[in-house]
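Following: one structure in structure tokens, then a few remarks.
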Amino acid sequence: QVQLVESGGGSVQAGGSLRLSCAVSAYTYDNICMAWFRQAPGKEREGVARFYTAGDSTYYTDSVKGRFTISQDDAKKTLYLQMNSLKPEDTAMYYCAATVTFYCPPLLDAFRYNYWGQGTQVTVSS
């Protein structure tokens, strides 16, 4: 079992920054693919970034490249999403997700991520 608990959401003006955290509790920390997804009202869930513990590889969706950074603190067993230069279109509920696997599923395949947090709201005002 893997348990995920997000925190760090809030309201910020456009151009501002927020850092989301996801506390990870798992039976193994090897070969875990972790990702951040977001869902705005009336829109489909969108993959934002992913991090694979085997090799520390990362991947970002085009709309956040250069603005968002996904990282992991091994000691704290925490996944982060540093969000800079925020835009109103970044407003959404953000979810941490994970799966224990030998490859990291594409962000388009949200169904391949077996474990999900409860979500944290990010609101960016213009």
Side-chain angles (χ1 to χ4, degrees):
Q1 282 289 340
V2 177
Q3 294 182 323
L4 308 169
V5 180
E6 302 102 330
S7 61
S11 297
V12 65
Q13 289 191 327
S17 299
L18 283 173
R19 188 177 77 161
L20 305 183
S21 300
C22 175
V24 182
S25 176
Y27 61 93
T28 177
Y29 294 92
D30 299 325
N31 299 320
I32 293 182
C33 183
M34 294 182 285
W36 288 97
F37 289 81
R38 65 186 180 186
Q39 188 166 20
K43 295 188 177 181
E44 292 187 355
R45 187 167 294 188
E46 174 190 28
V48 174
R50 69 173 194 234
F51 180 96
Y52 192 33
T53 59
D56 293 351
S57 63
T58 60
Y59 180 85
Y60 301 89
T61 193
D62 286 345
S63 63
V64 307
K65 283 181 181 177
R67 301 190 298 124
F68 291 11
T69 302
I70 189 171
S71 63
Q72 181 197 33
D73 184 318
D74 286 341
K76 295 181 180 180
K77 301 293 187 282
T78 302
L79 181 73
Y80 298 103
L81 184 68
Q82 178 66 44
M83 304 185 295
N84 298 328
S85 302
L86 283 162
K87 304 175 181 180
E89 51 263 43
D90 294 318
T91 295
M93 184 72 79
Y94 282 71
Y95 297 90
C96 178
T99 185
V100 180
T101 180
F102 289 104
Y103 78 102
C104 220
L107 292 174
L108 288 175
D109 294 346
F111 68 94
R112 296 189 184 277
Y113 290 81
N114 307 109
Y115 305 99
W116 292 80
Q118 80 285 355
T120 186
Q121 179 68 37
V122 172
T123 303
V124 184
S125 58
S126 57

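- Looking at heavy atoms from C-beta onward, T78 lies out of side-chain contact with V24 at the 4.5 angstrom threshold.
- Between W116 and F37, the ring-plane angle classifies as tilted under the 30° and 60° cut-offs.
- Under the 4.5 Å side-chain criterion, counting only non-hydrogen atoms from C-beta, T69 is in contact with Y60.
- At a cut-off of 3.5 Å, with distance as the only test, a side-chain donor of N84 or S17 sits close to an acceptor on the other residue.
- Considering CD of Q82 and CD1 of I70, their distance stands at 12.5 Å, rounded to 0.5 Å.
- Comment: K65 engages D62 in a salt bridge, judged by a side-chain N to carboxylate O separation of less than 4.0 angstrom.
- Contact annotation: the side chain of T123 never approaches that of V12 to less than 4.5 Å [non-hydrogen atoms, C-beta and beyond].
- Using a 4.5 Å heavy-atom cutoff, the side chains of E46 and S63 are in contact.
- When atom types are taken as modelled, the side chain of D109 and the backbone of P106 share no donor-acceptor pair closer than 3.5 angstrom.
- Under the 4.5 Å side-chain heavy-atom criterion for grouping Ile, Leu, Val, Met, Phe, Trp and Tyr, V64 is not connected to Y52 through any hydrophobic cluster.
- Under a hydrophobic clustering in which Ile, Leu, Val, Met, Phe, Trp and Tyr are joined whenever their side-chain heavy atoms come within less than 4.5 Å, directly or via other members, Y80 and L107 fall into different clusters.
- Listed for the R67 side chain is a donor-acceptor partner under 3.5 Å among the backbone atoms of S85.
- Side chain of T53 to main chain of D30: no donor-acceptor pair is present (N/O by atom type, distance under 3.5 Å, no hydrogens or angles).
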Candidate pair I32 and F51, rule side chain to side chain contact (heavy atoms under 4.5 Å, CB included), full reasoning: CA-CA 8 Å; I32 293 182; F51 180 96; over 6 Å; no

Under the side chain to side chain contact (heavy atoms under 4.5 Å, CB included) rule, what do L18 and L86 come out as? Steps first, then yes or no, please. CA-CA 8 Å; L18 283 173; L86 283 162; 4.2 Å; yes

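- When side chains are defined from C-beta on, C33 counts as touching P105, because their heavy atoms get closer than 4.5 Å.
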Please report the C-alpha distance between Q118 and V5 in whole Å, then the side-chain angles of each, then the deciding distance to 0.1 Å, and finally whether the side chain to side chain contact (heavy atoms under 4.5 Å, CB included) criterion is met. CA-CA 7 Å; Q118 80 285 355; V5 180; 4.3 Å; yes

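- In terms of modelled atom types and a separation under 3.5 Å, the side chain of E6 and the main chain of C96 share a donor-acceptor contact.
- Note that NZ of K77 and OG of S25 are 10.5 Å apart. Values are rounded to the nearest 0.5 Å.
- Heavy-atom contacts from other residues, nucleotides or ligands closer than 6.0 Å to CZ of F111 number more than 12.
- Looking at heavy atoms from C-beta onward, L20 lies in side-chain contact with T120 at the 4.5 angstrom threshold.
- Across A92 and Q121, no two heavy atoms sit closer than the pair O-NE2, 3.4 Å.
- Within the structure, side-chain hydrogen bond (donor to acceptor under 3.5 Å, both in side chains) pairs that include any residue of residues 91-107 comprise R38-Y94, T99-N114 (at least two apart or interchain).
- Judged purely by atom type and a 3.5 angstrom limit, R112 has no side-chain atom pairing as donor or acceptor with the backbone of L108.
- W36 does not carry R19 over the face of its six-membered ring by the limits of under 6.0 Å from the centre and within 45° of the normal.
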Check against side chain to side chain contact (heavy atoms under 4.5 Å, CB included), L81 and F68: CA-CA 7 Å; L81 184 68; F68 291 11; 4.1 Å; yes

